[in-house]
Structures are given as structure tokens and as C-alpha cells.
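This report refers to the structure that appears directly beneath it.
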Amino acid sequence: MMLVLLLLLAGCTGKKNKTRNRPLIDSLSSVFYDILGDDPERALAFVDSLEQEGIYSEPLANCRRAQVYSEKYQPRVSEMYVLRALKDDQLKKEDPNKYYFAHNLLINAAHNMGNLERELTYATKALKEAKADTSKEAKTYTPDFLTLIGNSQFSLEHTDEANESYEHAYKMYEEILADAKSFTWFYPAFMLTIDAVNDNVGKDSLLRAKSWLPRMQQSYDKLVKTADIPDYVKDECKAEMEGSMARYYAKAGQLKEADTHYQALLKTDYANTIAGRKTSSVYLRYVERWQDLLKAVNVSDSFYTANDSYQTIDYLANILGTKFDAQMRLGQRDAALQTANRLVNLLDTVEEQTRKDDAAELAVVYETQEKEQKIAEQKAELLRQRTVATGIAVGLLLLFLIIYAINSRRHAQRLMEKNAQLEVANARAEESSRMKSSFIRQISHEIRTPLNILSGFTQVVTTEGVELDEATRKDINRQMIENTDRITGLVNKMLELSDANSKTAIERTDQVSPVEIAALAVENSGIAQAPHLNFDMQLSPAAEGVMLTTNQQSAIRALTLILDNARKFTKSAEAYRQNNVADERKQASLHVEADNDTVRFIVDDTGIGIPSSESEHIFEEFVQLDEYYDGTGIGLTIARSLARRLGGDITLDTSATNVTRFIMTLPQ
């Protein structure tokens with residue numbers, strides 16, 4: 001069917017139309033949406049075909065691709081294609097409506113990535129462009145952008161600015177809706193009033209929320225009177241309004257009025273959906289009807305479990321978190337403990353699934369960039385070949401044109417070299433940004449996991465009337481100690497990182513044997529007890545007979561970090577792409593040598609290895625050559641900083657074969 005459609009389109013439009021057929025493009029929109037709803041991958045192929053036939057321009061095709069990836073909930077890829085669609089004014093000249101729609105996609109991508117600052121930046125930029133544009137499309141989208149800015153400002157706790165944005169947006173909607181007929185025009189204005197009421201109630205700004213109630217009712221009345229509004233939309237809007245009224249009166253202490261509106265909400269079909277139950281849950285929490293809240297959340301829990309959609313942060317926070325809270329409020333401590341155990345057990349699974357989804361999405365971005373780079377290279381090569389052929393042909397007629405062509409080609413080569421240098425610099429900047437983002441994600445995971453465990457067990461242990469057998473109490477105590485130590489170690493490493501760029505020498509007043517430094521570092525790193533590798537330590541006679549004048553604590557810490565690095569990267573990464581050698585025991589060793597004025601601590605391991613080209617890069621902050629291993633990318637940075645401030649150094653020996661070798665030197 002797709003092939004037949006494309007053949008007909010090709011016959012009607014010809015190849016690569018310069019002037020695009022607007023009615024044809026508009027008529028294809030419904031086809032695109034039908035395919036998108038059934039099969040997003042087929043929708044991508046459809047867009048590619050339309051671009052190849054010249055029906056879609058490159059910016060319009062990229063806008064459609066961004067829409068597909070937004071539907072697939074891959075916000076990074078969606079953001080990449082939107083930025084390409086908006087890189088110049090071509091889409092704005094071709095289709096202003098799609099241009100501002102693309103801005104909406106961009107804002108939505110930042111929202112789905114959880115980047116509130118970027119979301120606000122994108123929305124503010126879109127509003128600025130729309131205000132500077134006198135077109136009808138710009139005027140239509142301006143209140144939408146103001147509403148999105150208000151949403152972001154509320155999330156960022158900028159309450160006064162958010163309310164100003166909402167007020168301004170509502171006034172603009174009133175002007176636009178003066179002559180509107182379709183429900184699609186009235187719906188955004190109504191949802192703005194819903195957001196304004198709920199956001200202000202959530203911030204306990206009841207006077208502001210109250211000021212929006214008449215406007216919410218007025219917007220609802222206009223919306224439901226439109227002739228083309230579907231019944232399900234009318235039902236949803238009724239539920240949203242009644243839920244908002246119930247929340248407001250509950251917060252205002254007018255419980256009778258609140259219950260009246262809540263009962264009206266329950267009579268809607270929307271109340272039986274997951275979104276409707278979330279609306280009910282917020283109200284039930286406000287009025288502290290914990291038994292009803294527990295019933296509602298149990299229904300949602302069953303839905304998530306039956307549909308195998310429980311491995312999400314939304315499920316943990318809004319379902320299990322609410323369930324645990326309700327059970328504790330009702331004194332159901334055994335059930336609350338079971339819920340807490342489920343939450344803790346699922347937390348790492350959700351984190352791992354999120355990491356896999358992020359990796360898969362980034363893989364699409366990188367794969368797309370590589371394909372486009374290859375296409376660009378092929379086009380450049382074809383252009384070069386044509387240029388050479390033209391130069392030769394013209395050169396047979398006129399020597400001057402040959403010289404001109406040669407000079408032009410040399411100039412083009414220089415430009416290509418400059419562009420290549422710029423691309424390298426840009427790649428490095430993007431890599432630095434990516435590493436910092438990865439570091440923040442990893443730190444968030446490293447801290448949040450033990451904190452959640454500590455919080456859960458603390459609530460269980462301190463709850464009155466909870467009876468625990470001795471084995472359970474010991475196990476809880478062990479886990480609390482382990483996770484406390486885990487947080488303490490991470491905080492200590494962060495404190496060390498804050499001093500890593502210091503050039504100040506560390507005071508060296510300790511007389512200590514290299515053997516003692518090595519033994520304590522081995523003990524602190526736990527490498528000798530690691531079950532996945534065989535560890536060996538060897539001391540040269542010269543090393544056993546010397547004493548170092550150094551700072552014992554700093555020297556031990558630097559060597560501990562190198563040994564910890566060897567222990568960690570000789571173990572298979574906990575990621576979906578690991579190979580099947582997890583049970584293979586690796587080798588690691590520590591050799592201590594000394595000469596007239598230097599002691600060398602040589603750490604070898606047979607882990608994943610480090611390319612020689614990365615021998616200095618790995619000592620930079622936040623660098624992780626393989627992000628599927630746990631860690632923060634700061635251990636080697638801290639270790640080298642400590643060694644250098646002790647008058648020594650840490651280097652990667654790139655001449656070593658079959659092993660990764662780090663050498664730490666300290667002066668005697």
C-alpha cells in the first residue's frame with residue numbers, strides 16, 4: 001500500500017519540486033497521523049520517502065521525525081531533529097504553523113528529559129520569536145508558550161512569575177477565542193485555568209486559586225457548548241474541573257463542598273482511568289481519607305502490574321510511595337514493610353532500565369549522526385570529483401581556468417581542514433558536557449539508592465509496635481551501616497575532588513615504610529578479598545629496606561584509589577551488553593620497587609584495558625571510558641593530584657602488554 005501511494009505521488013509531483021504543493025502536503029498530514037498511531041517506525045519510513053520525492057523539505061521532514069520520536073518517548077532524539085528543523089528560517093517561511101509547532105516539540109523534549117531550566121529557556125525563546133512575529137500563527141501560539149513558561153516557573157518555585165505568565169496567557173486566549181467555533185481552540189484556555197487552580201492550591205496560594213475558579217467555570221461552559229466536542233473530551237474536562245474544585249475546597253477547609261465536587265468527579269468515566277485515579281488520590285490525601293486512598297492506589301497498582309509497566313520512576317513514586325504512606329497512616333505496619341521491600345527491590349531495576357533506555361536513545365543519536373556524516377562525506381567526494389572533471393575539461397580550452405580551479409580547490413581544502421578542526425573542538429566540548437551530565441546522573445544514583453534504603457528501614461524500625469525477629473533486625477542494621485558507609489565514602493571523595501586542582505604541596509613529615517603504605521592500601525581497597533580476581537603483592541629487597549618522608553594518609557589514599565580502579569574494572573560491567581565471561585577470574589598485582597631516590601608502586605590488572613590514546617584523558621575529571629561500570633570518573637583525578645602534591649606522579653604505562661599498568665612514584 002505504501003509503495004502504491006508513493007508511486008502515485010511521484011507521478012503527480014515529479015522529482016524534487018522546487019515549489020512545494022501545499023494542498024498535497026496538507027492532505028498527507030492525516031495519512032501521517034494514521035500511520036504514526038499504528039506504527040511509528042513505518043511513519044519514519046513514510047517521512048523519508050516523502051523527503052526523497054521532494055514533497056517534504058528537509059526542515060519539514062526533520063519536524064515530522066521529531067514528532068515521531070516524541071511519540072516514542074525518546075526526547076533526546078526528538079530534540080536533535082527539532083533543532084535541525086529550526087536551524088534557519090526555511091521552515092518558518094514554508095509553514096509558520098509547523099515552525100511554532102516545532103518549538104512546542106522542543107519544549108516538550110526538554111520537559112520529558114526532566115531539564116526544567118532548558119525547558120524554560122526553550123519556551124522563553126519561542127515566546128520572544130512569536131511576539132516579534134505579526135503572523136496569525138504566531139499570535140495563536142503565543143499564549144501556549146506563555147502557559148508553558150508558567151508551568152516551568154511553578155516547577156522552579158517562581159510562583160509570582162508563574163501567576164503573571166498565566167494571567168497574561170489567559171488575556172491573550174480571550175482575544176483569540178472571540179470568533180472561535182471549534183473545541184480545539186477553547187480546550188487550551190480551559191486547561192490553563194485547571195493548571196492555575198491546581199498549581200496555586202499545591203503551593204497553598206488559596207486566594208490566587210480562588211480568583212481562577214470563575215474563569216475556570218466560564219472556560220468550561222464555553223468549551224462544552226461547541227458543536228464538535230467529542231463526548232470523551234467533555235467527560236475528561238468535567239472530571240478535571242470537579243477534581244480541581246474538590247482540591248481547592250479541601251485545602252480551604254470546606255469539606256462538605258469538597259466532597260460534593262469529588263462525588264461529581266467519581267460519576268465521570270475519566271475517574272476510572274489511571275489519570276483519573278491520580279486526580280482522586282491527590283484529593284484523598286488532602287482530606288486524609290487514607291483507607292479510600294489505599295483502595296484507589298491498589299486498583300492502580302493492579303493495572304500497572306497486569307500491564308507489566310511497573311519498572312518506572314512514576315510507579316515507584318506515585319503508586320508504591322503513596323501506598324506505603326497510606327499503610328503507615330492506617331497502622332498497617334507489616335503491609336507497609338512489604339511495600340517498602342518492593343520499593344527497595346525495584347529501585348535498582350528501574351535505575352538499570354532507565355540507564356538502558358538512555359543508552360539506546362543515545363545510540364540512535366550517534367548512529368544518526370554517523371550516517372549523516374557519511375552521506376555528507378559522500379556528497380563532498382562526489383562534488384570534488386565533479387569539480388576535478390570540470391577543471392580538466394575547461395583546462396583543455398583555457399590554461400587560466402585550470403590555474404583558477406587548482407587555487408579554488410586548495411582554498412576549499414584549507415576550509416575543510418579548518419572545519420575539521422572546528423568539529424574536533426565542538427566534539428570535545430560536547431564530550432565534556434556529556435561527561436558532566438553522566439557524572440551528575442551517577443552521583444544522583446549513588447546517593448539516592450542508599451538514602452532511600454536508609455529512609456525506608458528507619459521508618460520501619462522507628463515505628464511503634466513493629467516487632468522484628470533478631471535475624472531481621474541484624475540484617476536491617478547491617479544494610480543501614482553499609483549504606484551509611486557508602487554515602488560517607490562518596491561525600492569524602494567529593495570533598496577530595498574539590499581540592500584536586502590545588503597546586504599546594506602536601507606537608508611531608510611522616511617517616512613510613514613503602515611496605516606499610518602498600519599493605520594498608522591493599523586492605524582499604526579490598527582488592528585482596530575480591531572474589532572475581534587473583535591478587536598478588538611483591539616487594540623488592542630494596543623497597544623493604546628504605547623509609548619514605550611523606551604524608552602517610554595521602555600516600556595510602558592515592559594508592560588505594562589505583563587499586564580500587566583495578567578491582568572495579570576487572571569485573572564485568574552490570575549492563576545489558578556485557579559478554580559471557582563474568583565467572584572468569586582476572587589477575588591483579590602490586591609490585592613495590594625502589595632505587596636511590598624514588599619508590600615505585602606498580603599496579604597491573606587484566607581488566608578491560610585502556611587505549612594508549614587515552615593515557616592522559618583518563619586523569620581528567622568525570623572521564624569514564626565505559627559508562628556501564630559503576631563509578632563517578634573522579635578516582636584517577638584525585639589519585640594523581642595527591643601523588644603530584646607529594647612530589648611524585650601517577651602515569652599509565654602504555655608500553656605494557658596484555659595488562660593495564662599504573663605506576664605511582666614517590667620521592668624518598
Side-chain angles (χ1 to χ4, degrees), residues 1-112 122 126 135-138 140-141 144 148 182-185 187-188 228 230 232-233 361 364-365 367-368 371-372 375:
M1 181 66 184
M2 175 75 74
L3 180 60
V4 173
L5 176 61
L6 291 176
L7 288 174
L8 289 172
L9 292 175
C12 294
T13 63
K15 289 285 185 178
K16 308 293 180 186
N17 290 330
K18 295 294 182 181
T19 303
R20 303 186 190 280
N21 190 329
R22 295 301 313 157
L24 175 60
I25 293 176
D26 293 339
S27 67
L28 287 171
S29 294
S30 60
V31 178
F32 168 77
Y33 281 107
D34 288 341
I35 298 174
L36 178 62
D38 296 332
D39 189 348
E41 291 298 330
R42 196 156 62 94
L44 284 174
F46 182 65
V47 171
D48 291 343
S49 300
L50 293 178
E51 184 182 15
Q52 291 173 7
E53 290 297 326
I55 300 170
Y56 273 6
S57 66
E58 181 181 353
L60 178 57
N62 283 328
C63 178
R64 287 303 195 194
R65 293 184 184 104
Q67 194 173 353
V68 174
Y69 281 106
S70 178
E71 184 76 12
K72 294 174 65 177
Y73 204 79
Q74 294 187 17
R76 289 183 182 85
V77 186
S78 180
E79 180 187 48
M80 176 188 72
Y81 278 116
V82 175
L83 291 174
R84 292 180 181 182
L86 298 176
K87 66 181 179 181
D88 52 36
D89 289 334
Q90 182 178 344
L91 183 59
K92 187 176 183 179
K93 295 175 182 177
E94 178 184 339
D95 191 336
N97 187 64
K98 290 293 188 301
Y99 177 77
Y100 289 109
F101 172 71
H103 278 287
N104 257 340
L105 289 174
L106 190 59
I107 299 166
N108 186 61
H111 177 80
N112 288 336
Y122 285 153
S135 68
K136 179 182 67 176
E137 292 81 4
T140 300
Y141 274 91
D144 292 348
L148 293 171
S182 173
F183 84 96
T184 58
W185 292 90
Y187 182 80
D228 62 340
Y232 77 90
V233 175
E361 188 175 354
V364 173
V365 174
E367 182 182 357
T368 301
K371 287 181 179 178
E372 293 182 345
I375 292 173

Could you go through the side-chain hydrogen bond (donor to acceptor under 3.5 Å, both in side chains) check for E79 and Y122 one step at a time? CA-CA 11 Å; E79 180 187 48; Y122 285 153; 2.7 Å; yes
Enter the distance from [X]:[atom1] to [Y]:[atom2] here, rounded to the nearest 0.5 Å.
{"X": "K98", "Y": "Q67", "atom1": "NZ", "atom2": "CD", "result": "8.0 Å"}
{"X": "T140", "Y": "Y100", "atom1": "OG1", "atom2": "OH", "result": "10.5 Å"}
{"X": "Y56", "Y": "D48", "atom1": "OH", "atom2": "CG", "result": "11.5 Å"}
{"X": "R42", "Y": "I35", "atom1": "CZ", "atom2": "CD1", "result": "5.0 Å"}
{"X": "L36", "Y": "E71", "atom1": "CG", "atom2": "CD", "result": "4.5 Å"}
{"X": "L91", "Y": "Y99", "atom1": "CG", "atom2": "OH", "result": "8.0 Å"}

Just do the side-chain contact (heavy atoms from CB on, under 4.5 Å) check on Y69 and V82 with the steps written out, would you? CA-CA 10 Å; Y69 281 106; V82 175; over 6 Å; no
Y141 and H103, any side-chain heavy atoms less than 4.5 Å apart: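 In short, these two side chains do not touch, never coming nearer than 4.5 Å.
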Any V31 side-chain heavy atom under 4.5 Å of F46 side chain: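 Contact flag for V31/F46 side chains = yes.
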Hey, is the main chain of [Y] close enough, under 3.5 Å, to the side chain of [X] for a donor-acceptor pair?
{"X": "S135", "Y": "A138", "value": "yes"}
{"X": "D89", "Y": "K92", "value": "no"}
{"X": "S78", "Y": "Q74", "value": "no"}

Name all residues meeting the side chain to side chain donor-acceptor pair (under 3.5 Å) criterion together with N112; count only those two or more places apart in sequence or in a different chain, and write none if there are none.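 Result, side chain to side chain donor-acceptor pair (under 3.5 Å) vs N112: none returned.
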Where do A85 and P59 come nearest, in terms of heavy atoms and distance?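 A85 and P59 have their closest heavy atoms at CB-O, 3.4 Å.
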Non-neighbouring partners of D39 that pass salt bridge (charged side-chain N to carboxylate O under 4.0 Å, His left out), sequence neighbours left out: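 By the salt bridge (charged side-chain N to carboxylate O under 4.0 Å, His left out) rule, D39 matches no residue at all.
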Please list every donor-acceptor pair under 3.5 Å in which a side-chain atom of residues 104-111 meets a protein atom from a residue at least two apart or in another chain.
from	atom 1	to	atom 2	distance (Å)
N108	ND2	S70	OG	3.2
H111	ND1	E119	OE1	3.2
H111	ND1	E119	OE2	3.4

Salt bridge (Lys or Arg N to Asp or Glu O under 4.0 Å) for E58 and R65? Distances and angles first, verdict last. CA-CA 10 Å; E58 181 181 353; R65 293 184 184 104; over 6 Å; no
With the threshold set at 4.0 Å, does a side-chain nitrogen-carboxylate oxygen contact exist between E41 and K72?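 Salt bridge: yes.
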Can Y81 and C63 be said to form a side-chain contact (heavy atoms from CB on, under 4.5 Å), step by step? CA-CA 6 Å; Y81 278 116; C63 178; over 6 Å; no
